[in-house]
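Before any comments, here is the structure.
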There are 2 protein chains.
Amino acid sequence: MARSLPTVYEVAQRAGVSTATVSRVLAGNDRVKPDSREKVLAAVSELGYVPSGAARDLAARRTGVLGLCFPDLAGDQDAESAEDTTFWYDEVIRGMERAARRRGYAVLIAASHASDDVELVTQVAGRCDGMVVLARTVSVPVLERIAQRIPLVMLAGPREGAEQGHDIDHLVVDNTAGAKALTGHVVGFHGRTAPAFLGGVDSADSDARFEGFRAAVAEAGLVPGDRPAAVGDFTTAGGARAVEGLLAAGGRPDALVCANDQMAIGAIGALRAAGLSVPEDVAVTGFDGIQLGRHTRPSLTTAVQPMKLLGESAVRLLEERAAEPGRPSQTVELQVWIELRGSCGCDGPGA
Amino acid sequence: MARSLPTVYEVAQRAGVSTATVSRVLAGNDRVKPDSREKVLAAVSELGYVPSGAARDLAARRTGVLGLCFPDLAGDQDAESAEDTTFWYDEVIRGMERAARRRGYAVLIAASHASDDVELVTQVAGRCDGMVVLARTVSVPVLERIAQRIPLVMLAGPREGAEQGHDIDHLVVDNTAGAKALTGHVVGFHGRTAPAFLGGVDSADSDARFEGFRAAVAEAGLVPGDRPAAVGDFTTAGGARAVEGLLAAGGRPDALVCANDQMAIGAIGALRAAGLSVPEDVAVTGFDGIQLGRHTRPSLTTAVQPMKLLGESAVRLLEERAAEPGRPSQTVELQVWIELRGSCGCDGPGA
DNA sequence: TTGTAGGCGTTATCAG
DNA sequence: CTGATAACGCCTACAA
């Protein structure tokens, strides 16, 4: 595709030095006579030289690129609902990009559409110095193979096999504590007596949050169910559908603790459509702390994930393992913090 | 960084074939005896082989990666305000990723922090088959150099030099028509008589939108100013500040046409804080059609950019130029559509 | 259908 | 400080 154009050789020739010197100048901090340096730089700019990343990577055995793979949740759905489905991933992408850039890396992203997962993820893996994979993107065996080649951290999701000594590192947040605090606030401070949990299908994170919910409910002297009152697919539309189903089935919660923000927002819409008001009739809480939640009306009470720290921790884990490939697999758990806003009945700034 | 591990040679040996055969199998659709294919596949999986992207790219002269560079608007600001600054970029990133994936590419992203722009952008350029650069990311001369090597399309922003025969393609939306329609609706349908334009600093897009504003105002028999009533930096916070300044200076518009959605949202907040109601006292419109605008209260009337189409068009332009490197530089202009919601006084779905 | 061998553009190791 | 030169891991004619 790319037109073949100037290579180090042309630059070297034009500058009257060897390719080695050109390489040194471009590498930056090597010892080369200022004079030669200038000549090289001049040649580079005159020729419009752009080094080949492929050749550089091959020779240097490092790419300066970190990979980020996430599930293509929207892939199977209609375009409409696909739109509002990825706020959480957006923030992860941004967070990673910033943290990576600060450490000198670019970020290669790819969503996997379930079917072609192995293909794409492997391709990405072959191009970077380390990669972050979000939960539910691709099967663990595939990840293990990749982790055998480059540092790999799994973000969120189950830590299955973590004890089996493979070399995937894990980065998670304290889901249980967050959900417990949220639930405790709603039943404790706001005195709700019929709280329900809106879970996400097939998700270790949702499960952990549900555990937090149950713990708080039990502590309040109430009896929690042993399963979420309803489940959705983590999207706004899914949250709305779940609530519709719950109401249709006769459910009448006075508080709804949701597995993530997007479903909470959908839930609020559905509750309203059913003639219920939030937070008066039903207090609602989310999880994640996506930006959108600050701007909705009512604004969303939620457990905020430390995005910046997540990105930085991921990069750090990657670098640490790169430096010491054989070290035991490690799990880092970050804290979340609760932000009380309008949807639970609190009136924080902008509620 | 990466541990050195199995190469084609090991795979070939283990499968009892030549590296050429391994390569063919991995490439997919070549003619190789089913028997050999199986043996190769087995060896691959037993060895946990992951091909080196660098070596592959170097030999194949193509990477299967498209680059996407955008300005790091948030870089210079405090962490707080940095958060709500990139909704538009998020959507572009998503749109590109989807369109690219559909065509078999992964996406390499990098934000440039103004200072180190050349470095980073060049590095990205060296690693992909083509790249998209958002307006205001890096200087045109640098872009021209890169465009000399790989297909490059500039998204939004000025088309300066487009007539000078360089080979950068441009992808834009009809800013003027969008702003004109929005303004026309506010002054025409809603009968506002004192509309003001909230512009963005140093932006060809904002300028074009302002032109649309002026045209509509003039057509309504009113007298438009020759400069925006206020300007911001395209962020929510910037929009709020701009409105505060406008009001402090005695401005009392009954309609505010904003250069983008984020500023419009900030503006609404500031208007409210000043005791004015939206849309009753002041009708507000945005531009871009970010998802957030659907969820705010009131929801935001805006000109929606066709994100999906933008991504697809960008990839198409890249591929076309790759196929025919010497073709003349091309500009594609996409239409926007107006969505009337609550902030202008209309009550669309969910207003 | 399969194997052989040369080359892709840089970096890095050595001598000078 | 600088210059040859051997990798780097894979692809792809070309030949068999």
Side-chain angles (χ1 to χ4, degrees), chain A residues 1-40 43-44 47-65 122-123 125-129 149-150, chain B residues 1-40 43-44 47-65 122-123 125-129 149-150:
Chain A
M1 288 194 123
R3 342 241 204 314
S4 76
L5 268 187
T7 72
V8 254
Y9 293 108
E10 274 93 283
V11 176
Q13 181 170 31
R14 176 147 191 157
V17 300
S18 74
T19 62
T21 297
V22 174
S23 181
R24 291 191 185 103
V25 171
L26 264 38
N29 43 21
D30 248 0
R31 323 144 201 307
V32 2
K33 187 165 42 174
D35 184 44
S36 317
R37 177 187 303 281
E38 276 178 36
K39 284 191 291 189
V40 169
V44 164
L47 260 39
Y49 170 68
V50 177
S52 152
R56 184 204 289 285
D57 294 347
L58 182 57
R61 283 76 132 346
R62 83 179 290 283
T63 65
V65 172
T122 300
Q123 196 185 316
R127 291 174 196 298
C128 40
D129 293 333
R149 189 169 216 276
I150 59 174
Chain B
M1 288 194 128
R3 344 244 201 311
S4 77
L5 268 188
T7 71
V8 255
Y9 294 107
E10 274 92 284
V11 176
Q13 181 170 30
R14 176 147 191 157
V17 300
S18 74
T19 62
T21 298
V22 174
S23 180
R24 292 190 184 105
V25 171
L26 263 38
N29 43 21
D30 249 1
R31 321 148 202 305
V32 355
K33 187 164 43 173
D35 184 44
S36 318
R37 176 187 304 281
E38 276 179 35
K39 285 192 291 190
V40 170
V44 164
L47 261 38
Y49 170 67
V50 176
S52 154
R56 186 204 288 285
D57 294 348
L58 182 56
R61 287 82 155 308
R62 83 178 292 283
T63 66
V65 172
T122 300
Q123 196 184 317
R127 291 175 197 297
C128 39
D129 293 333
R149 189 169 216 277
I150 60 174

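Convention: sequence-line order gives letters A, B, ...; per-chain numbering from 1. What you see below is based on every heavy atom in this structure, not just the backbone, and it leaves out hydrogens, waters and symmetry mates.
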Verdict with reasoning, R37(B) to K33(B), per side chain to side chain contact (heavy atoms under 4.5 Å, CB included):
CA-CA 6 Å; R37(B) 176 187 304 281; K33(B) 187 164 43 173; over 6 Å; no

[X] [atom1] to [N] [atom2]: how many Å, rounded?
X       : N       : atom1 : atom2 : result
D35(A)  : dC1(D)  : CG    : P     : 12 Å
Y9(B)   : dA7(D)  : OH    : C1'   : 11 Å
D57(B)  : dG9(C)  : CG    : P     : 13 Å
R127(B) : dT10(C) : CZ    : P     : 12 Å
L58(B)  : dT12(D) : CG    : P     : 12 Å
K33(B)  : dT1(C)  : NZ    : C1'   : 7 Å
Q13(A)  : dG3(D)  : CD    : C1'   : 15 Å
R61(B)  : dT10(C) : CZ    : P     : 12 Å

Atom pairs under 3.5 Å: protein N/O with N/O of nucleotides 3-5 of chain C:
{"residue": "dG3(C)", "atom": "OP2", "partner": "S18(B)", "partner atom": "N", "Å": "2.9"}
{"residue": "dG3(C)", "atom": "OP2", "partner": "S18(B)", "partner atom": "OG", "Å": "3.1"}
{"residue": "dG3(C)", "atom": "OP2", "partner": "T21(B)", "partner atom": "OG1", "Å": "2.9"}
{"residue": "dG3(C)", "atom": "O6", "partner": "R24(B)", "partner atom": "NH2", "Å": "2.6"}

Would you say dT1(C) has OP1 or OP2 under 4.0 Å from some side-chain N or O of S36(B)?
no

Sequence-distant partners of [X], side chain to side chain donor-acceptor pair (under 3.5 Å), two or more places apart:
X      : value
S23(A) : none
T63(A) : D129(A)
E10(B) : T7(B)

Heavy-atom contacts under 4.0 Å between residues 48-56 of chain B and DNA chain D, which residues?
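Those residues are Y49(B), P51(B), S52(B), A55(B), R56(B).
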
As a quick check of understanding, evaluate side chain to side chain contact (heavy atoms under 4.5 Å, CB included) for Y49(B) and V8(B), giving each step before the final call.
CA-CA 8 Å; Y49(B) 170 67; V8(B) 255; 3.8 Å; yes

Tell me what S23(B) touches on the nucleic acid: a base, only sugar-phosphate, or nothing, going by heavy atoms under 4.0 Å.
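Counting heavy atoms under 4.0 Å across all strands, the contact made by S23(B) includes a base.
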
Shortest non-hydrogen pair, V65(B) vs C128(B), comes out as O-CB, 2.9 Å

Kindly indicate, with the supporting measurements, whether the criterion side chain to side chain contact (heavy atoms under 4.5 Å, CB included) is fulfilled by V44(A) and V25(A).
CA-CA 10 Å; V44(A) 164; V25(A) 171; over 6 Å; no

Checking R24(A) now: which residues fulfil side-chain contact (heavy atoms from CB on, under 4.5 Å) with it, not counting sequence neighbours?
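R24(A) satisfies side-chain contact (heavy atoms from CB on, under 4.5 Å) with A20(A), T21(A), D30(A), V32(A) only.
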
Quick one: list whatever passes side-chain contact (heavy atoms from CB on, under 4.5 Å) with A43(B), sequence neighbours left out.
V11(B), R14(B), A15(B)

As a check of understanding: the bend across the helix from dT1(C)-dA16(D) to dG16(C)-dC1(D), end axes from five pairs, rounded to 10 degrees, works out to 30°

Report yes or no: does R149(A) contribute a side-chain atom to a donor-acceptor pair with the main-chain N or O of V50(B) at less than 3.5 Å?
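Checked: pair present.
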
Could you walk me through whether R62(B) and D57(B) pass side chain to side chain contact (heavy atoms under 4.5 Å, CB included), step by step?
CA-CA 5 Å; R62(B) 83 178 292 283; D57(B) 294 348; over 6 Å; no

